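What you see is a predicted model, and the numbers here were worked out from it, not measured in a lab. Numbering of ligands and ligand atoms starts at 1, following listing order.
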Amino acid sequence: MKAFIQSTGYYVPDYIRTNEELSSMVDTNDEWIYSHTGIRERRIAGPDQAASDLAVEASLKAIEKAAISADDIDIIILATSTPDHNSFPSTASLVQDKLGARNAAAMDISAACSGFAYALETGKNFIASGSYKHVLVIGTEVFSRIIDWTDRDTCVLFGDGAGAVVLSQQEKEESYILDSILGSDGSGAPYLIREAGGSRYPKNETDKSPFVTMNGRRVYNFAVKVIGKTILDLLDRNNYTIDDIDYIVPHQANIRIIEACAKRTGIPLEKFFTDMEFYANTSAASIPIALGEMEEKGLLHRGNLIITVGFGAGLTYAGNLLRW
Ligand code: UT7
């Protein structure tokens, strides 16, 4: 049984934190941030909003567009690095309750910014089993809660948001997830990490940070390498060339990473959809937000060939080849 993306939905909080506002918080400025990242602003969740709340907003839109009811969902697969609660319950279970998805199983996936691409492939395989008809796949993040807002190296990069898709059985051949590549290089774990708060360093009384810390250069180099390789491998093993691809939807971390990847691979920059200017890096939510925005703008048409590609903490990487 094949799986296709039946609908998309996304949600970003109302509050816009501009580069100007950040300049009043840390020693930075719009010129540096925009020229080094392509980011102008990001959304920040309200004090009452956690990852599940953003996820519910995005999911309701995707469910409505798919013209199914919450009862029709067989499983919710939710990618996040900022769950409502540490460890458990899963954020997916909270979303399941809030949606009233009474027949749905629920679980979280942790693969950082690659999480949505991992979740999509996982959902595809549930559908391939033949027992699952509708899978709700979500990426949701409230990074503003795990960022040190006094650290200019990281606080300018991230934002909050959520995106969701309804993945459904497809009996026809035209529209489905063709292939995915999922990978990890755990030796790079120290380069992007939230050290304290887990079973290794459970309490904040250690000298380990409870916030995101990052070696930006290392992550940058990893990203440029794996994004290009993932795209070219997906093309190669499915006998397509870049000319066959309508859009590449990359993880929205930094425009310079996309530009460097385009230069390195010879892929025209225009093939890449980007919206980090408005939302910054929303980690696992960035690809489904981009898909939702593209659909809203009328950029996606049935039959289009799309590649999604992500990278992030782990260090992980992942990509999906989709016939829209
Ligand atoms: O989902 C994955 C998440 N992570 C990423 O995608 C990160 C990938 N890495 C990057 O995007 C880039 O490495 C950064 C945007 C993080 C940094 O850009 P860079 O061109 O690698 O800058 P840099 O770290 O080499 O820093 C250059 C200078 C430094 O000053 P000095 O030492 O040359 O005097 C930094 O202190 O820029 C300074 N700097 C800043 N200045 C103003 C670093 N952050 C800022 C800032 N505002 N926010």
What does the N/O contact table under 3.5 Å look like for ligand 1?
{"residue": "ligand 1", "atom": "1 (O)", "partner": "His251", "partner atom": "NE2", "Å": "2.9"}
{"residue": "ligand 1", "atom": "1 (O)", "partner": "Asn281", "partner atom": "ND2", "Å": "2.9"}
{"residue": "ligand 1", "atom": "9 (N)", "partner": "Gly216", "partner atom": "O", "Å": "2.9"}
{"residue": "ligand 1", "atom": "11 (O)", "partner": "Asn254", "partner atom": "ND2", "Å": "2.8"}
{"residue": "ligand 1", "atom": "13 (O)", "partner": "Gly216", "partner atom": "O", "Å": "3.2"}
{"residue": "ligand 1", "atom": "20 (O)", "partner": "Arg217", "partner atom": "NH2", "Å": "3.3"}
{"residue": "ligand 1", "atom": "20 (O)", "partner": "Arg256", "partner atom": "NH1", "Å": "3.3"}
{"residue": "ligand 1", "atom": "20 (O)", "partner": "Arg256", "partner atom": "NH2", "Å": "3.3"}
{"residue": "ligand 1", "atom": "21 (O)", "partner": "Arg217", "partner atom": "NE", "Å": "3.4"}
{"residue": "ligand 1", "atom": "21 (O)", "partner": "Arg217", "partner atom": "NH2", "Å": "2.9"}
{"residue": "ligand 1", "atom": "36 (O)", "partner": "Arg152", "partner atom": "NH2", "Å": "2.9"}
{"residue": "ligand 1", "atom": "37 (O)", "partner": "Trp32", "partner atom": "NE1", "Å": "3.2"}
{"residue": "ligand 1", "atom": "41 (N)", "partner": "Trp32", "partner atom": "NE1", "Å": "3.4"}
{"residue": "ligand 1", "atom": "41 (N)", "partner": "Arg152", "partner atom": "NH1", "Å": "3.4"}
{"residue": "ligand 1", "atom": "47 (N)", "partner": "Thr28", "partner atom": "OG1", "Å": "2.6"}
{"residue": "ligand 1", "atom": "48 (N)", "partner": "Thr28", "partner atom": "OG1", "Å": "3.2"}
{"residue": "ligand 1", "atom": "48 (N)", "partner": "Arg152", "partner atom": "O", "Å": "3.0"}

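Lys133 NZ: 12 or fewer foreign heavy atoms inside a 6.0 Å radius.
Listed by chain and residue number, nothing satisfies the ring pair (Phe, Tyr, Trp, His ring centres under 6.0 Å) test with Phe278 (two or more places apart in sequence, or in another chain).
Comment: Arg43 does not engage Asp160 in a salt bridge, judged by the lack of any side-chain N to carboxylate O separation of less than 4.0 angstrom. Between Asp71 and Arg102 there is a salt bridge, with a side-chain nitrogen of the basic residue lying less than 4.0 Å from a carboxylate oxygen of the acidic one.
Using a 3.5 Å distance cut-off with no hydrogens or angles, the side chains of Thr282 and Glu141 do not pair a donor with an acceptor.
In this structure, Arg323 is not positioned above the aromatic face of Tyr176 in the sense of NZ or CZ being under 6.0 Å from the six-membered ring centre and within 45° of the axis.
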